[in-house]
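Each residue takes its place number in the sequence, starting with 1. The shown structure was predicted, so the numbers you read here are calculated from the model rather than taken from an experiment. Every number for a ligand or one of its atoms is a count from 1 in the order of the listing.
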Amino acid sequence: MLTEPASCHVDLAAGTMGGAGGRYQKRLSDLTGLYLDADAHRDLVTRTGDAVVYDVGDFRPSAAAGDMIFGLTRMSPGLVGEEFFLTRGHIHAKADRPEIYYGQAGQGLMQLESPEGETRIVEIGPQTICYVPPFWIHRSINTGEGDFVMMFAYPADAGQDYGIIERSGGMRHRVLRGEGGGWRLAENAAYRPRTPSEVQALMGAAA
Ligand SMILES: O=P(O)(O)OC[C@H]1O[C@H](O)[C@H](O)[C@@H](O)[C@@H]1O
Ligand SMILES: [Fe+2]
């Protein structure tokens with residue numbers, strides 16, 4: 001059976017996408033344990049009344065393997081201690097599925113980590129397209145002063161695995177405020193690299 005075509009209007013100022021069927025929000029308290037400075041995190045939860053820090057609206061035509069999910073993410077600007085606001089981050093449950101992000105407003109970056117623990121950073125502003133290749137863990141970070149808004153699209157059967165980041169004690173690097181503005185990377189001291197067999201299990205999931 002044919003699916004009807006659709007169009008969804010992006011409201012840049014609001015950071016929302018019209019026609020979105022699914023919608024979810026994350027509050028600061030949903031991100032407990034992700035930031036280096038746990039005290040600063042707790043204080044900020046209290047001071048902001050546990051503010052919403054990002055929301056996602058998406059359009060899911062179906063879950064069929066050849067179909068596509070797309071939507072819009074809006075992230076608030078801010079710092080927890082010296083660390084920029086981030087999304088939880090994930091690898092796709094079907095790890096060989098890719099994703100595209102398209103910057104709409106604000107400034108930020110995509111932090112990517114390979115199964116073996118290599119980090120890549122893609123800076124994203126309005127009209128930057130970021131390609132997240134198969135097998136890369138990815139997390140979005142708002143390094144700007146206003147809302148960071150991106151459109152995204154990924155295969156409908158990709159799914160999200162959040163456990164991969166928990167099991168390794170976080171991502172290998174943290175994105176902190178730079179000395180003279182901008183951002184810098186710092187090693188995450190709690191990071192535990194994946195073993196060769198864990199890497200193999202991930203990569204083998206493609207077969
Ligand atoms: O899922 P998170 O890591 O919390 O990130 C928030 C969202 O980021 C992107 O927009 C992804 O395409 C979404 O699928 C994801 O839900
Ligand atoms: Fe993703």
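T73 has its side chain out of reach of D55: every pair of non-hydrogen atoms, C-beta onward, lies at least 4.5 Å apart. For the pair M151/F70, a side-chain contact is recorded, criterion being any heavy-atom separation below 4.5 Å from C-beta on.
Salt bridge status for E99 with R97: absent, with no side-chain N to carboxylate O gap under 4.0 Å. Between R88 and E166 there is a salt bridge, with a side-chain nitrogen of the basic residue lying less than 4.0 Å from a carboxylate oxygen of the acidic one.
Around the Fe ion (ligand 2), protein N, O or S atoms at a distance under 2.8 Å total 4; waters are neither shown nor counted.
Of the possible polar contacts, none joining the H173 side chain to the R120 backbone as a donor-acceptor pair under 3.5 Å is found. Judged by distance alone, with hydrogens and angles left aside, the side-chain atoms of D161 form no donor-acceptor pair with the main-chain N or O of I91 at under 3.5 Å.
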Side-chain donor/acceptor pairs under 3.5 Å, residues 123-136, sequence neighbours excluded:
| residue | atom | partner | partner atom | Å |
| --- | --- | --- | --- | --- |
| E123 | OE2 | W183 | NE1 | 2.9 |
| T128 | OG1 | G125 | N | 3.1 |
| T128 | OG1 | G125 | O | 3.1 |

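With hydrogens and angles left out, the side-chain atoms of Q200 and S197 include no donor and acceptor closer than 3.5 Å.
With sequence neighbours excluded, the residues that form a side-chain contact (heavy atoms from CB on, under 4.5 Å) with S140 are M75, T87, Y101, M110, M150.
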Between ligand 1 and the protein, which N/O pairs fall short of 3.5 Å?
| residue | atom | partner | partner atom | Å |
| --- | --- | --- | --- | --- |
| ligand 1 | 1 (O) | Y24 | OH | 3.0 |
| ligand 1 | 1 (O) | H90 | ND1 | 3.4 |
| ligand 1 | 1 (O) | Y162 | OH | 2.5 |
| ligand 1 | 3 (O) | G89 | N | 2.8 |
| ligand 1 | 3 (O) | H90 | ND1 | 3.1 |
| ligand 1 | 4 (O) | Y24 | OH | 3.3 |
| ligand 1 | 4 (O) | Y54 | OH | 2.5 |
| ligand 1 | 10 (O) | T73 | OG1 | 2.6 |
| ligand 1 | 12 (O) | E99 | OE2 | 2.4 |
| ligand 1 | 14 (O) | Q160 | NE2 | 3.1 |
| ligand 1 | 16 (O) | Y24 | OH | 2.5 |

